[in-house]
Amino acid sequence: QVQLVESGGDSVEAGESLRLSCEASGYTDKINCMGWFRQSPGKEREAVAAIFTDGAIAHYVDSMKGRATLSQDNAGKTVYLQINNLKPEDTAMYFCAAGDLLPHGSSWYEAYEYSYWGQGTQVTVSS
């Protein structure tokens, strides 16, 4: 099993920045990709970004390109999501996910690809 623990969520004003962290533990050799998803009340869970930990190749949804940056520690077990210029529509519970995806997978944004999930960290952005 792999355990994921998120942190860094907060209540901020529009235009501010946050850095979310996700620490993986357990059988981390089973995973090669760590992703971030978010869900707000009444909406479906949606992908935000993901990183393939072996080559540090990151992917972002269009709404996050230019505002978000993924990075990882040297061991590839902690992933950081920096989001700048936060907007009220970014308000959601942010979940970290991990899985063993195809190395050049084009389905990094699909929740079903991820076997392990964290409990989430709340991000609230006020206007």
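Any value given below was found using the heavy atoms of this structure, including those in side chains, with hydrogens, waters and symmetry copies removed.
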>> For Ala98 versus Met34, what's the shortest heavy-atom pair and its separation?
In response: CB-CG, 4.1 Å
> Taking all non-hydrogen atoms of both residues, which atom of Glu6 and which atom of Cys96 are closest, and how far apart?
Replying inline: OE2-N, 2.8 Å
> Minimum heavy-atom separation for Phe37 to Tyr109, with atom names?
Replying inline: CE2-O, 3.4 Å
> What's the spacing between Cys22 SG and Trp36 CH2 if we round to 0.5 Å?
Replying inline: 5.0 Å
For residues 43-52, dump all side-chain donor-acceptor pairs below 3.5 Å to protein atoms at least two apart in sequence or in another chain.
unit_1 : atom_1 : unit_2 : atom_2 : d
Arg45  : NE     : Gln39  : OE1    : 3.4
Glu46  : OE2    : Arg38  : NE     : 2.6
Glu46  : OE2    : Arg38  : NH2    : 3.2

> With no hydrogens and no angle check, is any side-chain donor or acceptor of Thr91 less than 3.5 Å from a backbone partner on Val125?
Replying inline: yes
>> How long is the straight-line distance from OG of Ser40 back to CD of Gln122, given to the nearest 0.5 Å?
In response: 9.0 Å
> How are the rings of Trp108 and His59 set to each other: parallel, tilted or perpendicular (split at 30° and 60°)?
Replying inline: parallel
> Counting only N and O atoms by type, is there a donor-acceptor contact under 3.5 Å from the side chain of Thr121 to the main-chain atoms of Gly9?
Replying inline: yes
>> When you measure from the side chain of Asp100 to the backbone of Ile31, do you find a donor-acceptor pair of N or O atoms at a distance under 3.5 Å?
In response: no
> Looking only at heavy atoms, what is the nearest atom pair of Phe95 and Gly118, with distance?
Replying inline: CD2-O, 3.6 Å
> Atom CD in Gln119, atom CD in Gln3: separation rounded to 0.5 Å?
Replying inline: 11.5 Å
>> Any side-chain to backbone donor/acceptor pair from Thr28 onto Ser25? Under 3.5 Å, distance only.
In response: no
>> For residues 8-19, which residue pairs pass the salt bridge (charged side-chain N to carboxylate O under 4.0 Å, His left out) check, not counting sequence neighbours?
In response: none
> Ala24 and Val2: which non-hydrogen atoms are nearest, and at how many Å?
Replying inline: CB-CG1, 4.4 Å
> What is the minimum heavy-atom distance between Tyr114 and Cys33, and which atoms define it?
Replying inline: OH-SG, 3.7 Å
> Got a second to check how far Asp90's CG is from Thr124's OG1, nearest 0.5 Å?
Replying inline: 11.0 Å
Quiz: residues 75-87 side-chain donor-acceptor pairs under 3.5 angstrom, not counting sequence neighbours:
unit_1 : atom_1 : unit_2 : atom_2 : d
Gln82  : NE2    : Asn84  : OD1    : 2.9
Asn84  : OD1    : Ser17  : OG     : 3.0

